Amino acid sequence: MATGYKMPKDFLWGGAVAAHQLEGGWEAGGKGVSIADVMTAGRNGVPRKVTDGVKDGEVYPNHWGNDFYHRYPEDIKLFEEMGFKCFRTSIAWTRIFPNGDEAEPNEAGLKFYDDMFDDLLAHGIQPVITLSHFEIPYHLVKKYGGFSNRKMIDFFVHFAKTVFKRYKNKVKYWMTFNEINNQTAWSDPHPLLQNSGLELGKDDNWEQAMYQAAHYELVASALAVQAGHEINPDFQIGCMIAMCPIYPLTAKPQDIMMAERAMQKRYWFGDVHCRGEYPAWLPKYFDRKGFDMDITAADLATLKAGTVDYVGFSYYMSFVTKDQGDDPEYDFKEPDDFVENPYVEKSDWGWQIDPTGLRYAMNWMEDRWHLPQFIVENGFGAYDKKQADGSVHDDYRISYFRDHIKAMEEAVALDGVNLIGYTPWGCIDLVSASTGEMAKRYGFIYVDADDNGEGSFDRSKKDSFNWYKDVIASDGEKL
Ligand code: P53
């Protein structure tokens, strides 16, 4: 057993999920159709399909998730048993505004979260809430083109204000847009739809569309931050960044410059969220590319006035850039310009395992953004094997967590990073965002369901359950 550093008593140990990946109940209580509801099941290496509406004969795993909608009281008891201080989930936008453009919210949807949050609080667990986690109402995609349309700012802010007011005495920690920077990989239609509700055609300029959508999201986020602070000055409202640090290929100076540009391209979203300003290189880039952006002076003032209170981020892996040749523009393009890192291992899904990268990233963000940090996702997706006696021996998951928690504690104890909490991803097995599989499991809690939604959906503890329970009970010392 390794010994870690003790974390402060008020450190928020917990777990993380997102509504569309575990709730199921996709039509329950008047819920509308979200983009996740029109995504079919993919597989490792096989992308999910997006259908034009919900079609007969297709498999839509988010329609049932892990059935948390009906089973959450049992799950919350298990979270309490592990010692969770907090539970990160999202509010499914389509439970509150089924189409997204209604004036009045859906009371049944609001009531579902009231009840669930009350149950969490009764078990000593505080909810940590993401407003938009890959769950844009499908109607907003079809009618308005998602975040290609400035009107989306109003729809999002209306949604945010509605839930801020309703849960102002139940939720303190909020985040606006989940992994807003995943769409850096703009040549892939999947993140464009998940992040921004964009469905683009052959003739569209996908890269410009990504920057424009992200701009509207950043303005919407800044308006939500301001509104939230008016509704309850104690709110802590963060951004949510997918942090995968990007390393240079070698010590060759051009490789260093390439990695710097790659980091700028992946993390400018955080610069705007945290500093309220576009970084210097980006307007130059827009000019060079000939992007005619709709960014007004009023928008820039809004961004400045709506900076976030903390940096929420996910951490799974790191990347490496390839040799850029002698191009002085360093036009890094994700993911084409990534190469494999020979110094690290990979998961079965090719995600590079790099605990030191977590400590590196925390230092990098501390130096750049000077804000408290909250690790709101970290974890290991793996094929688990349930034994005849019902046990799951997931020592590989324990080993991933041990190494990453150790790196996190070093960043706090040795480097002075101000860290609020740690919520491992998919603390209970749920549907994978990228592949739609149930087989890519992250949980401490096993859910008996397969990729087609067959199974009892019964819950059971994996070996990692008791391991994480001991970590929390020892304030992170017993790893
Ligand atoms: P899955 C890509 C890269 C890093 C994190 O991912 C990502 C993604 C998009 O899938 O997503 C986050 O389920 C996301 C969660 C997601 C989790 O990481 O693809 O915030 O919704 O489930 C793990 O293995």
Side-chain angles (χ1 to χ4, degrees), residues 15-23 34-36 39-48 50 61-62 65-66 68 87-93 128-136 175-196 238-246 266-267 269 311-319 334-335 338 346-354 357-358 361 374-384 397 400-401 404 423-443 447 451:
V17 299
H20 72 283
Q21 289 172 260
L22 91 167
E23 284 179 3
S34 84
I35 49 172
M39 284 187 200
T40 66
R43 270 199 324 280
N44 195 353
V46 181
R48 306 179 73 171
V50 178
N62 299 77
N66 71 18
F68 181 82
F87 175 59
R88 173 182 177 233
T89 187
S90 57
I91 294 177
W93 191 338
V128 170
I129 297 303
T130 318
L131 292 170
S132 180
H133 192 134
F134 307 165
E135 294 155 332
I136 294 175
M175 277 163 274
T176 52
F177 290 93
N178 185 64
E179 291 190 335
I180 189 168
N181 62 323
N182 258 358
Q183 51 196 329
T184 305
W186 52 263
S187 55
D188 178 354
H190 187 70
L192 287 185
L193 181 67
Q194 270 193 336
N195 283 116
S196 298
C239 57
M240 196 325 200
I241 302 288
M243 172 42 75
C244 311
I246 306 173
R266 204 177 153 83
Y267 298 108
F269 306 79
V311 180
F313 69 98
S314 64
Y315 182 84
Y316 292 91
M317 59 192 148
S318 60
F319 299 130
E334 186 174 315
F338 287 144
K346 285 186 293 188
S347 79
D348 286 334
W349 282 260
W351 292 21
Q352 302 189 120
I353 303 164
D354 176 13
L358 172 58
F374 196 157
I375 303 176
V376 296
E377 287 184 30
N378 172 234
F380 192 61
Y383 295 108
D384 288 337
R397 183 168 294 110
Y400 179 98
F401 279 126
H404 284 77
T423 57
W425 176 251
C427 49
I428 178 165
D429 290 345
L430 40 58
V431 173
S432 157
S434 56
T435 67
E437 293 165 290
M438 196 66 200
K440 189 182 187 187
R441 294 175 184 274
Y442 284 88
V447 177
D451 291 345

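Indexing begins at 1, ligand by ligand and atom by atom, following the structure's order. Throughout, residue positions are numbered sequentially from 1 according to the sequence presented. This one's a predicted model, so the numbers in the text were calculated from it and none came from an experiment.
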Practice task
Identify, for atom 2 (C) of ligand 1, the protein heavy atom at the shortest distance, and state residue, atom and that distance.
Solution key: N182 ND2, 3.9 Å

Practice task
Verify, without hydrogens or angle tests, whether R48 (side chain) and T40 (backbone) share a donor-acceptor contact under 3.5 angstrom.
Solution key: yes

Completion exercise
Between R266 and C244 the two heavy atoms that sit nearest each other are NH2-SG, 3.5 Å

Problem - Any N or O of Q194 closer than 3.5 Å to N or O of ligand 1 - result: no

Exercise for the section: Can you pull out the closest protein heavy atom to atom 19 (O) of ligand 1? Residue, atom name and distance to 0.1 Å, please. Expected result: S434 OG, 2.4 Å

Practice task
Identify, for atom 1 (P) of ligand 1, the protein heavy atom at the shortest distance, and state residue, atom and that distance.
Solution key: S432 OG, 3.5 Å

Practice task
Verify whether one side chain among T130 and R88 offers a donor that lies under 3.5 Å from an acceptor in the other.
Solution key: yes

Exercise for the section: For the pair R441 and D384, find out whether any cationic side-chain nitrogen is under 4.0 Å from an anionic carboxylate oxygen. Expected result: no

Practice task
Have a look at ligand 1 and work out which part of W351, if any, has a heavy atom under 4.0 Å from it: side chain, backbone, both or neither.
Solution key: side chain

Exercise for the section: Say whether Q21, considering both its backbone and side-chain N or O atoms, lies within less than 3.5 Å of an N or O atom on ligand 1. Expected result: yes

Problem - Side-chain donor-acceptor pair present, E377, Y315, cut-off under 3.5 Å - result: no

Practice task
Would you check if the distance from the ring center of F319 to the ring center of W351 is below 6.0 Å?
Solution key: no

Practice task
Please write down residue, atom name and distance for the protein heavy atom closest to atom 17 (C) of ligand 1.
Solution key: Y316 OH, 3.2 Å

Handout entry: Within 45° cone of W425 ring axis and under 6.0 Å: K440 NZ or CZ
Key = no

Practice task
Give the numbers and elements of all ligand 1 atoms closer than 4.0 Å to a heavy atom of N178.
Solution key: 14 (C), 20 (O)

Handout entry: Contact check: Y442 vs ligand 1, nitrogen or oxygen atoms, below 3.5 angstrom
Key = yes

Problem - Contact (N/O only, under 3.5 Å) between E377 and ligand 1 - result: yes

Practice task
May I ask you to identify the nearest protein heavy atom to atom 11 (O) of ligand 1, giving residue, atom name and distance to one decimal place in Å?
Solution key: E179 OE1, 2.9 Å

Practice task
Determine whether the side chain, the backbone, both or neither of L430 has a heavy atom under 4.0 Å from any heavy atom of ligand 1.
Solution key: neither

Exercise for the section: Check each of N62, V447, V17 against L22 using the side-chain contact (heavy atoms from CB on, under 4.5 Å) test, and report the only one that passes. Expected result: V17

Completion exercise
Per-atom filter on ligand 1: closer than 4.0 angstrom to a heavy atom of H133 are 14 (C), 15 (C), 20 (O), 21 (O)

Problem - Nearest protein heavy atom with distance in Å, relative to atom 3 (C) of ligand 1 - result: M317 CE, 3.8 Å

Fill in the blank from the handout: Rounded to the nearest 0.5 Å, the OH atom of Y316 sits from the OH atom of Y442 at a distance of 5.5 Å

Handout entry: Spacing of I353 atom CD1 and M317 atom CE [to the nearest 0.5 Å]
Key = 11.0 Å

Practice task
Could you see which bit of A433 sits under 4.0 Å from ligand 1, with heavy atoms only: side chain, backbone, both or neither?
Solution key: both

